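Given the structure is predicted, the values throughout are model-derived calculations rather than measurements.
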Amino acid sequence: MLIKKKDLAPVLAELKKLYPKVVIPLHHKNAWELLMAVILSAQCTDERVNQITPHLFKAYPTAQDLAAADIQDVEKIIHSAGFYHSKALSLIESSKRICEVYGAQVPQTMAELLTLRGVARKTANVLLGDYFNKPEGVVVDTHVKRLSFRLGFTRQTDPVKIEQDLIKLIDKDKWQWIGIALILHGRSYCPARKPNCTACPLAPWCPKNGVK
């Protein structure tokens with residue numbers, strides 16, 4: 001059962017009580033560091049990324065430094081993040097493009113961010129919404145995908161189509177917040193295998209929990 005926009009208010013209100021302020025869990029000091037961290041976070045925990053990035057940024061403090069790096073040296077630093085060859089290539093190539101095309105500054109539009117290696121809409125939405133405060137969409141990771149389906153926000157399985165449904169359903173001033181809030185809720189109450197429905201504050205509105 002899909003939720004209607006007019007019935008969404010109590011769900012969002014409960015989420016707002018649970019997660020009134022959301023903070024990006026990836027440690028960073030600037031937009032470039034955040035971009036590198038998000039690229040590393042694909043199929044990797046935030047905790048692991050936060051263990052890796054201090055070593056990465058000590059070795060390569062700027063985009064210029066990483067752009068000139070030897071890929072094997074980068075692979076050694078990020079090895080525990082998984083998919084280290086592809087991720088190392090993305091870190092280096094995206095840093096090169098940022099330096100060569102954008103004056104060593106992370107671009108601030110969706111179209112420009114999507115030209116960077118390793119950057120899809122999820123990564124771009126994190127930068128635009130959570131760092132630059134210029135949301136162009138909603139972050140859709142595995143948690144958001146799962147909860148959006150379970151809560152009846154969408155019946156799509158493709159992240160791009162899920163994002164489009166969320167954009168239609170949720171007001172723009174909540175786009176930045178909702179993505180992180182759903183990620184936090186997924187971790188706290190609604191993991192993939194054993195959702196804790198009995199303790200979940202959203203259970204009264206959740207179709208998965210038997211709401212009609």
Side-chain angles (χ1 to χ4, degrees), residues 1-4 7-28 34 36-53 78-84 86-87 118-127 129-130 135 137-170 174-212:
M1 183 178 96
L2 284 175
I3 195 168
K4 295 180 180 178
D7 300 321
L8 187 63
V11 181
L12 297 183
E14 188 63 34
L15 272 173
K16 197 70 175 177
K17 285 198 300 183
L18 292 166
Y19 316 104
K21 294 183 179 180
V22 294
V23 178
I24 305 170
L26 297 169
H27 300 166
H28 61 281
L34 177 58
M36 299 298 100
V38 179
I39 290 173
L40 282 172
S41 71
Q43 295 181 281
C44 180
T45 66
D46 294 340
E47 291 79 9
R48 174 63 63 183
V49 173
N50 288 336
Q51 292 171 6
I52 293 170
T53 49
I78 70 167
H79 189 275
S80 62
F83 303 97
Y84 58 91
S86 176
K87 289 181 180 180
V119 176
R121 284 193 64 90
K122 185 198 88 168
T123 302
N125 278 324
V126 172
L127 268 293
D130 295 281
V138 178
V139 172
V140 177
D141 76 341
T142 55
H143 293 289
V144 177
K145 178 179 176 179
R146 182 174 66 256
L147 265 72
S148 295
F149 196 88
R150 287 178 174 176
L151 288 168
F153 293 172
T154 186
R155 280 293 170 262
Q156 302 295 334
T157 56
D158 177 75
V160 174
K161 293 180 180 179
I162 292 170
E163 183 186 0
Q164 293 305 310
D165 282 349
L166 293 177
I167 287 172
K168 294 174 186 175
L169 188 64
I170 296 166
K174 296 182 178 66
W175 287 356
Q176 177 271 338
W177 164 78
I178 190 66
I180 304 297
L182 288 175
I183 290 170
L184 295 174
H185 197 75
R187 291 174 179 171
S188 299
Y189 294 98
C190 199
R193 293 185 179 180
K194 293 183 179 180
N196 190 2
C197 297
T198 56
C200 179
L202 298 184
W205 302 280
C206 182
K208 179 177 173 56
N209 201 45
V211 176
K212 302 297 183 181

Flag, side chain of Asn196 to backbone of Tyr189, donor-acceptor distance under 3.5 Å: no

Non-hydrogen atoms of Arg121 and Val160 that approach each other most closely: CD-CG2, 4.4 Å

Over all atoms of both residues, closest heavy-atom pair of Ile167 and Gly137: CD1-CA, 4.0 Å

Main-chain N/O of Cys206 paired to Arg150 side chain as donor or acceptor, under 3.5 Å: no

Salt-bridge present (Asp141, Arg146; N to O < 4.0 Å): no

Heavy-atom side-chain contact between Asp130 and Val139 under 4.5 Å: yes

Within 6.0 Å of NZ in Lys161, more than 12 heavy atoms from elsewhere: no

Nearest heavy atoms of Val49 and Ala37, plus distance in Å: CG1-O, 3.7 Å

Separation between NZ of Lys87 and CE of Met36, rounded to the nearest 0.5 Å: 13.0 Å

Polar contact flag, side-chain donor to acceptor under 3.5 angstrom, Asn125-Gln176: no

Minimum side-chain heavy-atom gap Pro201-His185 below 4.5 Å: yes

Where Asp46 and Ser41 come nearest, the two heavy atoms and their spacing: OD1-CB, 4.3 Å

Member of Ile170, Leu169, Val144 meeting the side chain to side chain contact (heavy atoms under 4.5 Å, CB included) criterion with Ile178: Ile170

Steps toward side chain to side chain contact (heavy atoms under 4.5 Å, CB included) verdict (Lys21, Trp177): CA-CA 8 Å; Lys21 294 183 179 180; Trp177 164 78; over 6 Å; no

Heavy-atom side-chain contact between Val11 and Phe153 under 4.5 Å: yes

CD1 on Ile39 to CG on Leu26, rounded to 0.5 Å: 11.5 Å

Student check: side-chain heavy atoms of Arg187 and Pro25 closer than 4.5 Å: yes

Lys145 side chain vs Pro159 backbone, donor-acceptor pair below 3.5 Å: no

Gap between atom CG of Leu15 and atom CG of Leu182 - 0.5 Å precision: 6.0 Å

Taking every non-hydrogen atom, the tightest pair across Cys197 and Ala203: O-CB, 3.6 Å

Inter-residue atom distance Ser188.OG - Tyr19.OH, 0.5 Å rounding: 4.0 Å

Side-chain heavy atoms of Asp158 within contact of Ile162, under 4.5 Å: no

Distance, nearest 0.5 Å, that separates CZ of Arg48 from CD of Gln43: 15.5 Å

Sub-4.5 Å side-chain heavy-atom contact between Leu151 and Trp205: no

Least distance between heavy atoms, Ile52 atom then Ser80 atom: CD1-OG, 3.4 Å

Interatomic distance, Thr154 atom OG1 to Leu166 atom CG [nearest 0.5 angstrom]: 6.5 Å

